[in-house]
**Q** 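The following block contains the structure, expressed as structure tokens.
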Amino acid sequence: MHVVRHVRSEWRANWKTGVDAFYETYHLPHIHPQTQGVMEDFSQYDLYPNGFSRMIVPIGVKSHRVHDQRPSILPAVHDARGRDRSHGLSGSAHEVRAAIQQSKRARGKRFGSATTTN
């Protein structure tokens, strides 16, 4: 694992607020139901020494809560800043997953941490 971006911010709030708001997925089906067609709402959390951790959320797959697991057309995919990133994507969530993988692999190469896993 290689750190490619480190961000630190200070909040005037209980630390649990930040964890609860950004480092979990249990609220997705209730607060953001539109995400169920493009991401699973089960997560994997890995804890490492010295306070480091990671969260793995499958993106480009439907939530296990969606009965129809067939690929479906996606209306739009937005990045963390709310910008529409669906250009060139006109098919299924699986196409989104492949596009995200390609983008992350290209970024990894730029930072010297290329990978060949899916």
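Sequence positions, counted from 1, serve as the residue numbers for this chain. All values derive from a computational prediction rather than experimental measurement.
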**Q** Do Pro29 and Gln36 come close enough that some side-chain heavy atom pair is under 4.5 Å?
**A**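 Heavy-atom side-chain distance check passes, below 4.5 Å.
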**Q** Which residues pass the salt bridge (charged side-chain N to carboxylate O under 4.0 Å, His left out) test with Arg65, not counting sequence neighbours?
**A** Asp41
**Q** Locate the shortest heavy-atom distance separating Lys62 from Asp68; write the atom from each residue and the value.
**A** NZ-O, 2.9 Å
**Q** When clusters are formed by joining ILVMFWY residues with side-chain heavy atoms under 4.5 Å apart, either directly or through shared neighbours, do Leu28 and Ile56 land in the same one?
**A** no
**Q** Give, for atom CZ of Arg105 and atom CZ of Arg110, the distance between the pair rounded to the nearest 0.5 Å.
**A**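 Atom-to-atom, Arg105:CZ and Arg110:CZ are 14.5 Å apart.
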**Q** Can you name the nearest heavy-atom pair linking Ser53 to Tyr48, along with the distance?
**A**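 Smallest interatomic distance, heavy atoms only, reads CA-CD1, 4.1 Å.
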**Q** Tell me the salt bridge (Lys or Arg N to Asp or Glu O under 4.0 Å) pairs involving residues 26-38, sequence neighbours left out?
**A** none
**Q** Classify the ring geometry between His64 and Phe42 as parallel (under 30°), tilted (30 to 60°) or perpendicular (over 60°).
**A** parallel
**Q** Does any non-hydrogen side-chain atom of Gln44 lie less than 4.5 Å from one of Met55?
**A**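 No; the side chains remain at least 4.5 Å from each other.
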**Q** Quick check: is Tyr26 connected to Tyr45 through a chain of hydrophobic side chains (ILVMFWY, heavy atoms under 4.5 Å apart)?
**A** no
